[in-house]
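Numbered from 1 within each chain, the chains take letters A, B, ... in sequence-line order.
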Amino acid sequence: MSLESVVIQELKRVLPDYGITDLDVAQLLEKPKNSDWGDFSFPTFSLAKIKHKSPYNIAEDIYQLLNKNLFAKVNIVNGYINFFILRTNVSKNLLLKINNENHSFGKVDLGHGKTITIDMSSPNIAKPMSMGHLRSTVIGNALANIETKCGYQPIKINFIGDWGTQFGKLLAAYKMWGDKSEIDKNPIDTLLKLYVRFNQKAKEDPKLNDLGRAWFKKLEDGDKEAISLWKWFREVSLQRFEEIYSDLKIDFDWYDGEAFYNDKMDSVVKKLKSENLLTVSQGAQVVDLSDEGFKNPALIIRSDGASLYITRDLAAAIYRKKKYHSVKSIYVVGSEQKQHFDELKAVLKKMGYKWSDEVIYVPFGLITYNGKKLSTREGRIILLNEVLDNAYDLALKQINEKNPNLINKEEVAREVGYGAVVFHDLKNERIENFDFKLEEVVQFEGDTGPYVQYTNARAQSILRKSKDYQIKKDITDIFNEDAAFDLIKILDQYPQIIFQAEKKYEPSILAKYAIQLAKVFNRYYKKVKILVEDDQLYTRLQLVRATSLVLQDSLNLLGIKAPNEM
RNA sequence: GUCACAGUGGCUCAGCUGGAUAGAGCAACGGUCUUCUAAACCGUGGGUCGUGAGUUCGAAUCUCACCUGUGACACCA
């Protein structure tokens with residue numbers, strides 16, 4: 001029962017009397033941009049077409065049929081029927097509802113406990129985590145939380161990039177220039193340097209690439225030395241990743257590397273063969289997708305017999321489906337891989353897997369630096385841990401200036417600093433590219449994570465100071481105050497926001513909402529003194545409590561902490 | 001060249017299942033802390049919604065063409 005249901009019900013009652021039966025009132029009903037025009041507004045233009053009458057006359061006719069007692073005010077302006085709803089009861093009901101449901105408020109049971117998988121983060125071993133991995137990680141994590149809120153059971157899978165020619169290059173580089181003690185001291189940086197150096201040299205001397213390929217071949221053939229080096233590199237890399245994940249409070253249900261699927265690709269190839277899907281083209285084995293509108297076939301086996309990315313992803317998709325019986329399978333991967341996922345779905349479909357359309361590719365935009373694409377190979381990389389450290393330092397500095405007596409400064413600085421970085425990554429539409437600017441990422445003012453956190457901390461501060469808001473009293477009528485009712489209106493939208501964010505796999509919808517809610521609360525906070533001992537104190541506190549609850553819940557879904565003080 | 005995605009104030013973006021006067025944040029300028037955390041609040045200036053056609057009572061939103069940017073275009077992932 002959200003606020004607009006009164007309006008919808010009354011319109012649904014009246015429209016058939018008017019001769020209109022089949023009309024989606026809820027769809028047509030809109031929220032005026034200017035609240036002076038009403039809380040909800042019904043445009044009559046589409047009816048004008050059906051009835052061949054002017055919108056104004058239609059609005060007038062419908063107006064006559066409406067039971068005006070159900071509303072505070074109804075008027076007609078420019079062909080719109082504007083509804084001002086009776087505030088008191090709906091506001092009371094909403095506050096009671098939020099207080100009863102607590103963090104369950106906003107739950108939408110779409111999933112009925114069914115499992116979904118989310119492929120996310122997926123860093124490459126021997127390479128540092130960059131801002132690009134952060135995107136996949138935090139978007140995936142937020143989606144997992146949102147899906148949970150919607151009744152699904154997400155399995156977060158970290159598909160580690162631990163296989164491929166690149167490791168052949170790394171092994172070759174290590175054999176030429178590597179130093180064990182260096183790697184023990186500073187594993188990822190050292191390995192990265194080796195990798196970058198190798199690629200630089202290979203530019204001058206392409207023969208090096210053959211050497212890299214040879215080492216990868218050794219690895220695939222199970223060469224003892226190659227395997228043990230690979231295991232070592234993998235181990236030290238994973239340890240470092242774990243530290244970052246633990247900083248961000250993100251965990252995974254399962255890690256599977258590309259290597260994990262090495263022995264699972266044969267059966268995929270066999271099945272492709274038995275279905276007569278494989279053909280040979282220029283020495284490689286491919287699946288022809290021309291009938292699906294693809295320009296190129298999907299390359300399954302290279303002409304030298306080695307497997308490819310899609311071969312592994314096919315094996316992984318099939319394996320995961322079998323293991324988890326998931327009803328959908330989400331991949332949070334950069335938009336530059338769109339074609340790959342189109343091919344993946346197309347091949348799965350050709351193989352007869354009906355669930356191929358439950359494979360959902362959730363792309364996100366590219367991060368550039370000074371307008372240039374990041375490239376690990378060329379050493380152009382934004383190190384995630386440097387960004388996070390920077391954010392932490394700035395947050396700590398702010399706390400020392402603004403709230404020097406805060407007890408757990410370091411912890412809060414981490415929550416606020418990381419909150420800024422994570423929020424920045426989530427607040428815009430996923431698909432949007434952005435050019436990395438440190439000063440924007442670690443902003444604490446305006447439309448930022450810390451702004452939302454700060455708003456919540458203010459609310460919490462009030463609740464701390466009031467003595468008895470938890471002792472149940474009657475909710476009184478404070479809703480003539482627009483600032484209070486504005487809060488009610490936006491709180492009321494929360495479940496729909498969750499619903500939309502889930503439908504579009506778009507955390508930014510929730511992030512934008514959190515900003516909006518914070519803004520409306522800050523206005524209320526400025527305008528109305530809450531801690532005044534009168535008979536409406538309890539109600540004001542309930543409003544504050546409800547707001548804080550939804551702010552916290554939004555932040556938590558986005559994977560951001562909501563400290564009580566900052 | 002083909003395909004995909006994007007183009008909204010100086011910058012970053014909302015709005016895009018068509019609807020009333022195109023909204024925020026940053027930056028600039030000016031106000032508000034003896035009163036619940038000023039990481040806040042209020043105000044001012046700033047926009048041919050890439051361009052041109054079309055559909056419509058009505059287009060930032062839909063269609064088409066073009067321009068610009070980015071990405072992908074089989075043996076990388």
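Ring planes of F434(A) and H424(A): perpendicular class, angle over 60° (limits at 30 and 60°). The aromatic rings of Y261(A) and Y319(A) lie perpendicular to each other, with more than 60° between the two planes, well past the 30° mark.
Backbone-only contact: K373(A) has heavy atoms under 4.0 Å from sugar-phosphate atoms and none from a base. Nucleic acid contact class of F444(A) (heavy atoms, under 4.0 Å, all strands): base. Residue contacts for K338(A): at a heavy-atom cut-off of 4.0 Å it reaches the sugar-phosphate backbone alone, with no base atom in range. Contact annotation for V452(A): no contact, since no heavy-atom pair falls under 4.0 Å across all strands. At the heavy-atom level, N564(A) lies under 4.0 Å from base atoms of the strands shown. If you check every strand for non-hydrogen atoms under 4.0 Å, D313(A) touches nothing. Residue S54(A) is classed as having no contact, given no heavy-atom separation below 4.0 Å to the nucleic acid.
No aromatic stack links F45(A) and the base of G58(B), using centre distance under 5.5 Å and interplanar angle under 30°.
Residue order along RNA chain B, read from the 5' end via each residue's closest nucleotide, puts S41(A) first among S41(A) and Q339(A). Taking for each of N428(A) and L366(A) the nucleotide of RNA chain B with the nearest heavy atom, the 5'-most of the two is the partner of N428(A).
With ring centers used as reference points, F216(A) lies 6.0 Å or more from F167(A).
Spacing between U17(B) and U12(B) at atom C1', rounded to whole Å, works out to 27 Å. Separating the C1' atom of C16(B) from that of A60(B) is a span of 7 Å, rounded to the nearest Å.
Here the P atom of nucleotide C73(B) and the NE2 atom of H340(A) are 12 Å apart, to the nearest Å. For L308(A) and A77(B), the CG to C1' distance is 10 Å, given to the nearest whole Å. Distance, F434(A) CZ to U12(B) C1': 11 Å, rounded to whole Å. Nucleotide C11(B) holds its C1' atom 17 Å from the CZ atom of F436(A), rounded to whole Å. Straight-line distance from the CD1 atom of I431(A) to the C1' atom of G69(B): 15 Å, rounded to whole Å. Taking atom NZ of K33(A) as the reference point, atom P of A14(B) lies 17 Å away to the nearest angstrom.
Applying the 90° criterion around 0 to the glycosidic angle, C62(B) comes out anti.
With respect to K31(A) and E4(A), no salt bridge is recorded, no charged nitrogen being found less than 4.0 Å from a carboxylate O.
For the pair R430(A) and Y505(A), the NZ or CZ position fails the cation-pi test of under 6.0 Å to the six-membered ring centre and within 45 degrees of the ring normal.
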